[in-house]
Asks: 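Below is the structure I would like to discuss, written out as structure tokens.
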Amino acid sequence: MTATPTLRAARRSRANRRALITGALAVLLLALFCFSLMWGEVVYSPAQVIDVLTGEQVPGASYAVGVLRLPRAVMGLISGLAFGAAGVTFQTLLRNQLASPDIIGISAGASAAGVISIVIFGLGQTATSMVAMCAALGVATLIYLLSFRGGFAGTRLILIGIGVAAMLNSMVTYALSKADTWDLPTAMRWLSGSLNGATWERALPLIIAAAVLLPLMLLLSRNLNVLRLGDDTATSLGIPVGLTRITVIIAAVALIAVATAACGPIAFVAFVSGPIAARIVGPGSSLLVPSALIGGIVVLAADLLGQYFLGTRYPVGVVTGALGAPFLIYLLIRSNRAGSSL
């Protein structure tokens, strides 16, 4: 008789802790977004930024904030949300923290298509983005079909994805070796993941995709979380396993594809967001919202760090890659010491 009130109290405590942490992440993300509008070679006050956002003409600030900083901040924010949400979706679905788009080849597909489009076919920004998006969707479909042998196996998909990623990365290396000198800076800038040259034209497809796909993934997050218990358990609980899996895979791949097409493959954001969220939120609930918020925080913070605080300007993907690689090594060492798989 005493167990039920205790269990309810524990659940309330976990729910309150989760709500508090999620709220704190949202506040931090909003603060970084606002700071990215104010900070730069010229620092503007919050009042000046608000005036620009409300349509008033402020000398200097109208151009710097409204034309340069606002599209960049919006692209950084939404691409971070997309990478974070898509990464934790794959990790939850496959029950493996290595199962992020960076590792299993989806981002590599977009990278290979983007580089080949630039250095071999000489395509512009819009055409390159479209080709990269289609390539990410195509590579994800190929990996899924190759790994489907009488059923869905996460480990098989990860291993096949790693092999496909290796082949695609070799294609990138070959394309760069054959590139003309004037194409290399453009290809490398796109390949590293960058918010430079952000415009509303580039941001619009990302905004539309996020507005459609993120709510869809949020609606399916409970079903996705149940899939972690296994297909048989999920089926016994009334979850449509096949439909849920296919829907969330399509949504996650589409988010990755659109975000990569807009900003390039920003390294390790999709990979680190889920594990960080799991450590600060705790087990037992969906990590979709916390992971998306952490993804946005990582991208905006890395962009600010790379632009203004390292002595010279680095693309955001260089900073996230420098931070994400040690985190990957940490996860591998931690898993090895625990004697279990990731």
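Given the structure is predicted, the values throughout are model-derived calculations rather than measurements.
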Asks: Return the minimal non-hydrogen interatomic distance between I116 and M171, and the atom names on each side.
Replies: CD1-CE, 3.8 Å
Asks: Determine the minimum heavy-atom distance between L206 and I78, stating which atoms define it.
Replies: CG-CG2, 3.6 Å
Asks: Within a strict 4.5 Å, meaning less than it, do heavy atoms of the S221 and L218 side chains meet?
Replies: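 A side-chain contact under 4.5 Å exists here.
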Asks: Counting C-beta onward and ignoring hydrogens, is there a side-chain heavy-atom pair between V319 and L310 closer than 4.5 Å?
Replies: yes
Asks: Ignoring hydrogens and angles, write down the donor-acceptor pairs under 3.5 Å from the side chains of residues 131-142, residues two or more places apart or on other chains.
Replies:
residue, atom, partner, partner atom, Å
T141, OG1, L137, O, 2.9

Asks: Output yes when a side-chain donor or acceptor of R72 lies under 3.5 Å from a complementary backbone atom of A198, and no otherwise.
Replies: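 Between the backbone of A198 and the side chain of R72 there is no qualifying donor-acceptor contact (under 3.5 Å).
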Asks: Between L214 and L255, is there a side-chain heavy-atom distance shorter than 4.5 Å?
Replies: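 The answer is yes, as the side chains (C-beta and beyond) meet within the 4.5 Å cut-off.
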Asks: Quick one: pull up OG in S111 and CD1 in I106 and give me the separation to the nearest 0.5 Å.
Replies: 11.5 Å
Asks: Answer yes or no: are there more than 12 heavy-atom neighbours, outside F121 itself, under 6.0 Å from its atom CZ?
Replies: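 Atom CZ in F121 is not crowded, with 12 or fewer foreign heavy atoms closer than 6.0 Å.
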Asks: Mind checking side chain to side chain donor-acceptor pair (under 3.5 Å) for T199 and listing every partner two or more places apart, or none if nothing turns up?
Replies: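 Checked T199 against side chain to side chain donor-acceptor pair (under 3.5 Å); zero matches.
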Asks: Ignoring hydrogens and angles, tell me if any N or O in the side chain of T54 forms a donor-acceptor pair with the backbone of D51 under 3.5 Å.
Replies: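 Such a contact is found between T54 side chain and D51 backbone.
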Asks: Flag the pair R313 / Y308 as yes when at least one side-chain heavy-atom distance between them is below 4.5 Å, and no otherwise.
Replies: yes
Asks: For T89, is there any backbone N or O sitting under 3.5 Å from a side-chain donor or acceptor partner on T92?
Replies: no
Asks: Quick one: CD1 on I158 to CD1 on I162, what's the gap to the nearest 0.5 Å?
Replies: 7.0 Å
Asks: Apply side chain to side chain contact (heavy atoms under 4.5 Å, CB included) to L37 and V52, showing your working.
Replies: CA-CA 10 Å; L37 297 181; V52 172; over 6 Å; no
Asks: Examine distances only and state if a side-chain atom of R202 and a backbone atom of A262 form a donor-acceptor pair shorter than 3.5 Å.
Replies: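 Checking the backbone N and O of A262 against the side chain of R202, a donor-acceptor pair under 3.5 Å is found.
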Asks: Say whether, by atom type as modelled, one donor and one acceptor occur between the side chain of S273 and the main chain of A270 under 3.5 angstrom.
Replies: no
Asks: In the structure I gave you, are the side-chain heavy atoms of I266 and S79 within less than 4.5 Å of one another anywhere?
Replies: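 In contact.
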Asks: Between G80 and V299, what is the shortest heavy-atom contact and its length?
Replies: CA-CG2, 3.6 Å
Asks: Does L219 share a hydrophobic cluster with L293, counting links as ILVMFWY side-chain heavy atoms below 4.5 Å and allowing steps through other members?
Replies: no
Asks: Donor-acceptor check, side chain of T247 to backbone of T244, threshold 3.5 angstrom: yes or no?
Replies: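 No: the side chain of T247 does not pair with the backbone of T244.
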Asks: Could you tell me whether the side chain of T22 and the main chain of A19 form a donor-acceptor pair under 3.5 Å?
Replies: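 Not confirmed, T22 side chain does not pair with A19 backbone.
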Asks: Parallel under 30°, tilted from 30 to 60°, perpendicular over 60°: which one fits the rings of W39 and F35?
Replies: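 Parallel.
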Asks: Evaluate the side-chain proximity of W200 to V74: yes if any heavy-atom separation is below 4.5 Å, no if none is.
Replies: yes
Asks: Between F271 and V318, is there shared hydrophobic-cluster membership here, with clusters defined by ILVMFWY side-chain heavy atoms closer than 4.5 Å?
Replies: yes
Asks: If I compare all heavy atoms of A234 with all of L227, which pair ends up nearest, and what's the gap?
Replies: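 Here A234 and L227 meet closest at CB-CD2, 3.7 Å.
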Asks: Closest approach of V65 and Y44, non-hydrogen atoms and distance?
Replies: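 The answer is CG2-CD1, 3.9 Å.
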Asks: If you define the side chain from C-beta out and look only at heavy atoms, does anything of Q91 sit under 4.5 Å from L287?
Replies: no
Asks: Kindly work out whether a path of hydrophobic side-chain contacts (I/L/V/M/F/W/Y, heavy atoms less than 4.5 Å apart) joins I207 to L30.
Replies: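 They do not share one cluster, since no chain of ILVMFWY contacts under 4.5 Å joins I207 to L30.
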Asks: Is L220 reachable from I246 through a run of hydrophobic residues whose side-chain heavy atoms are each under 4.5 Å from the next?
Replies: yes
Asks: Would you indicate whether M130, at its atom CE, is surrounded by more than 12 heavy atoms from other residues, nucleotides or ligands within a distance under 6.0 Å?
Replies: no
Asks: Measure the CD1-CG distance between I239 and L224 for me, rounded to the nearest 0.5 Å.
Replies: 10.0 Å
Asks: Under 4.5 Å between any side-chain heavy atoms of L176 and L191, yes or no?
Replies: yes
Asks: Side-chain heavy atoms nearer than 4.5 Å, only ILVMFWY residues, links allowed to pass through others: does that put L146 and L157 together?
Replies: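 Yes; tracing contacts between hydrophobic side chains, which count when under 4.5 Å, links both residues.
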Asks: Please report the closest heavy-atom contact between S107 and I256, naming both atoms and the distance.
Replies: OG-CG2, 4.2 Å
Asks: Quick one: does R69's side chain have a donor or acceptor within less than 3.5 Å of a partner on A61's backbone?
Replies: no
Asks: Say you draw a straight line from CG of L204 to CE of M75; how long is it, rounded to the nearest 0.5 Å?
Replies: 11.5 Å
Asks: For V119 and D180, what are the C-alpha separation, side-chain angles and deciding distance, and is it a side chain to side chain contact (heavy atoms under 4.5 Å, CB included)?
Replies: CA-CA 7 Å; V119 304; D180 294 324; over 6 Å; no
Asks: What is the distance from atom CD1 of I280 to atom CG of L25, rounded to the nearest 0.5 Å?
Replies: 4.5 Å
Asks: Looking at I294, T320, V316, L323, which one forms a side-chain contact (heavy atoms from CB on, under 4.5 Å) with V269?
Replies: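 It is T320; the other options fail the test.
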